[in-house]
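Structure first, commentary second.
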2 protein chains.
Amino acid sequence: MARVETTAEIGEAESSAEVWELFRTLFGQHRRRFLIAAAELDLHPAQAGALLQLDSPLPMTELAVLLACDNSNVTGLIDRLEARGLVARQPSSEDRRVKHVVLTATGRRLRERMLARVGRPTRGFERLSPDEQRQLGDLLRQVIRDDAAA
Amino acid sequence: MARVETTAEIGEAESSAEVWELFRTLFGQHRRRFLIAAAELDLHPAQAGALLQLDSPLPMTELAVLLACDNSNVTGLIDRLEARGLVARQPSSEDRRVKHVVLTATGRRLRERMLARVGRPTRGFERLSPDEQRQLGDLLRQVIRDDAAA
DNA sequence: TATTGTTATACTCTATAACTATA
DNA sequence: TATAGTTATAGAGTATAACAATA
């Protein structure tokens, strides 16, 4: 394995733009894995995305926010998942306008198969030492926290 | 701002699965930003994705690989981008079966507008100290390298 | 009045299979 | 024979606008 010089060793400053490019590279690779995994399970990308979001029941509107699509799309999307027996609509008892989308047992199994493909760390992450895992974890938590800060 | 205890301070081991979950969180946020940015520029997600890939000219087939979709989809996708004057088909001089997709001046400008929305680091990344930038950069390069290792 | 979810419409995406041109 | 790209087709995704039921 070739030794890779770090920016620290070279003495150059690492810009946030450079780090962002590395992230975009990983994003792209993950997106391709996601699309391939969805196709293997006969799910369209949006369907696979919805299934992954449904860790717990969600109102239609919240699903639309998470999928970053219009409310009206969710109706058809859930119609088709429902027709395949993967989800069910559960009217809310608090607000009769709201319907919660819930995974069926079949839906949960399919979600698990999807997670087996995209929910596990890649080799690159697994090969990090315990100390590096901790470093990376701390840095990512910091990024997520500061991204969320209004 | 509340102080956040790190795993190091707590003394627990950080698993690669935990780190992967943090990455998936960031991936979801980035995907939503991407979809919103594409909609703002009147681009369908696949069109925006293609534009971003076209930093340099690419054969149709390679674009299909990068977009993780069937070859036949790229034909229609590029048809529509071409109809909007964003890209052009350039027959290869080496292999007359191959066509390279090239951005027009208009296409480049639109790509730049897209990059202005998703090609810049988020606040969380910008707020990392120079030392943290270097740490994160080194860790991500290591992950990308080991992911790529056959 | 505002919000949740649906419907109707028009256009785009996506995979499959069959095809043409070139290698 | 194999590969690059296209065409045709069918089903799904997507935004917009208009709508009913509920808040």
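So that the names make sense, note that chain A is the first sequence line, chain B the second, and so on, each numbered from 1.
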- Output the residues of residues 96-112 of chain A in contact with DNA chain D, where contact means a heavy atom of the residue under 4.0 Å from an atom of the strand; sort by number or write none.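 By residue number: A:Arg96, A:Arg97.
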- Task: Without swapping roles, check the side chain of B:Gln47 against the backbone of B:His44 for a donor-acceptor pair under 3.5 Å.
- Result: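 Yes, because the side chain of B:Gln47 sits within donor-acceptor range (under 3.5 Å) of the backbone of B:His44.
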Whether [X] contacts [N] is assessed here as follows: a side-chain N or O lying under 4.0 Å from the phosphate OP1 or OP2. Is that the case?
X: B:Asn71; N: D:dT6; result: no
X: A:Arg89; N: C:dT4; result: no
X: B:Gln47; N: C:dC13; result: yes

- Item | Stepwise salt bridge (Lys or Arg N to Asp or Glu O under 4.0 Å) test for B:Asp79 and B:Arg89 | CA-CA 9 Å; B:Asp79 278 349; B:Arg89 283 172 163 92; 3.0 Å; yes
Roughly how many Å is it from [atom1] in [X] to [atom2] in [N], rounded to a whole number?
X: A:Glu94; N: C:dT3; atom1: CD; atom2: C1'; value: 16 Å
X: A:Leu43; N: D:dG11; atom1: CG; atom2: C1'; value: 14 Å
X: B:Leu63; N: D:dA4; atom1: CG; atom2: C1'; value: 13 Å
X: A:Leu77; N: D:dG11; atom1: CG; atom2: P; value: 18 Å
X: B:Leu81; N: C:dT12; atom1: CG; atom2: C1'; value: 11 Å
X: B:His44; N: D:dA12; atom1: NE2; atom2: C1'; value: 13 Å
X: B:Leu66; N: C:dT14; atom1: CG; atom2: P; value: 14 Å
X: A:Arg80; N: C:dT7; atom1: CZ; atom2: C1'; value: 13 Å

Could you check which of [options] has an atom nearest any side-chain atom of [X]?
X: B:Met60; options: D:dA17, D:dT7, D:dG5; answer: D:dG5
X: B:Asp95; options: D:dT16, C:dA23, C:dC13; answer: C:dA23
X: B:Asp70; options: C:dA15, C:dG5, D:dT16; answer: C:dA15

- Taking the nucleotide of DNA chain C with the closest heavy atom to each, which residue, A:Thr75 or A:Leu35, is nearer the 5' end?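 The 5'-side residue here is A:Thr75.
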- Between B:Arg24 and B:Glu21, does at least one N-O distance fall below 4.0 Å, as a salt bridge requires?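 Judged by the 4.0 Å cut-off on N to carboxylate O distance, B:Arg24 and B:Glu21 do form a salt bridge.
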- Query: Rounded to the nearest 0.5 Å, how far does CZ of B:Phe27 lie from CH2 of B:Trp20?
  - Reply: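 Nearest 0.5 Å value for the CH2-CZ distance: 9.0 Å.
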- About how many Å separate OG1 of A:Thr104 and CG of A:Leu110, when rounded to the nearest 0.5 Å?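 If I round to the nearest 0.5 Å, the distance is 9.0 Å.
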- Item | salt bridge (charged side-chain N to carboxylate O under 4.0 Å, His left out) contacts touching residues 28-42 of chain B (sequence neighbours left out) |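 Residue pairs with at least one partner in residues 28-42 of chain B: B:Glu40-B:Arg117.
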- Pair A:Asp131-A:Ser129, side-chain donor/acceptor within less than 3.5 Å: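 Side-chain D/A pair, A:Asp131 to A:Ser129: absent.
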- Query: On DNA chain D, nearest-nucleotide positions of B:Pro45 versus B:Thr61: which is more 5'?
  - Reply: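 The residue closer to the strand's 5' end, by nearest nucleotide, is B:Thr61.
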- Considering only heavy atoms and no angle criterion, is a donor-acceptor pair shorter than 3.5 Å present between the side chain of A:Ser72 and the base of D:dT16?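 In this structure, the two groups form a donor-acceptor pair.
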